[in-house]
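Only this structure's heavy atoms are used, side chains among them; waters, hydrogens and symmetry mates stay out. Reminder, nothing fancy here: chain letters follow the sequence lines and each chain counts from 1.
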Amino acid sequence: MKPAAPKPAEPRNFFQDVHEVARLIPPGRVSTYGAIAHYLGSRRGARTVGYAMMAAHTADHYVPAHRVVNRLGQLTGRLHYATPFAMQEALEAEGIRVEEDQVVDFAKLFWDPSTELA
DNA sequence: AGACTGACCAAAG
DNA sequence: GCTTTGGCCAGTC
């Protein structure tokens, strides 16, 4: 007699899903909070995705948060890094050009999980 | 144990 | 056309 399975169907939290998707972003490409939120199913609040990125440090595995920007292609999370330039440098190291905290050719570098992973 | 906070996006006034 | 509000999850004090 199991005291009710203390195991929910999916113990995987929303954050975990976001972190996993973020890890799927190929180098040299960038994704957005809204795109990830939409891929996970409806806009559960793109905000929540942003929270997940901030809580990326709580993830067991490394999360390339530098490849995730807002829908405008801006490095909104750069202030969360050790240095305000760490995020930009990480992107430039992958061949992505950044000008004024904004990803150049963002439209071409944009990686949409809903489309790429389909 | 409860309250606050924090990397967003889009629609409505 | 710009400002304000609504929706949303988990970690931390």
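Rounded to whole Å, the distance from CG on A:Asp112 to P on B:dC9 is 13 Å. Computed from coordinates, the A:Phe15 CZ to B:dT5 C1' distance equals 12 Å when rounded to whole Å. The distance between atom CG of A:Leu40 and atom P of B:dC8, rounded to the nearest whole Å, is 17 Å. One interatomic measurement links the two molecules: OH of A:Tyr33 to P of C:dC9, which rounds to 18 Å at whole-angstrom precision. A:Gln16 places its CD atom 11 Å from the C1' atom of C:dA10, with the value rounded to the nearest Å. As rounded to whole Å, 12 Å separates atom C1' of B:dC4 from atom CE of A:Met54. As rounded to whole Å, 10 Å separates atom P of B:dC9 from atom CZ of A:Phe110. Put simply, CZ on A:Phe14 is 11 Å from P on C:dC8, counting in whole angstrom units.
Annotation: side-chain contact (heavy atoms from CB on, under 4.5 Å) contacts of A:Asp112 (sequence neighbours excluded): A:Ala35, A:Phe110, A:Ser114, A:Thr115. In terms of the salt bridge (charged side-chain N to carboxylate O under 4.0 Å, His left out) criterion, A:Glu89 has no residue partners (sequence neighbours excluded).
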Candidate pair A:Met87 and A:Val69, rule side chain to side chain contact (heavy atoms under 4.5 Å, CB included), full reasoning: CA-CA 10 Å; A:Met87 189 173 184; A:Val69 296; 4.3 Å; yes

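For A:Phe85, the CZ atom counts as loosely surrounded, since its 6.0 Å shell holds 12 or fewer non-hydrogen atoms of other residues, nucleotides or ligands.
The side chain of A:Thr48 approaches C:dC8 more closely than any other nucleotide in the set B:dC9, B:dG6, C:dC8. Side-chain proximity of A:Asn13 to B:dG6, C:dA10, B:dC8: nearest is C:dA10.
Near DNA chain B, meaning a heavy atom under 4.0 Å away, the residues from residues 61-71 of chain A are A:Ala65, A:Asn70, A:Arg71.
Residues A:Tyr33 and A:Leu117 share a hydrophobic cluster, clusters being chains of Ile/Leu/Val/Met/Phe/Trp/Tyr side chains in contact below 4.5 Å.
Remark: ring of A:Tyr51 overlaps the six-membered base ring of B:dG6 in a stacked fashion, centroids less than 5.5 Å apart, planes less than 30° apart.
A:Arg97 places no side-chain N or O within 3.5 Å of a backbone atom of A:Val104 that could act as its donor or acceptor partner.
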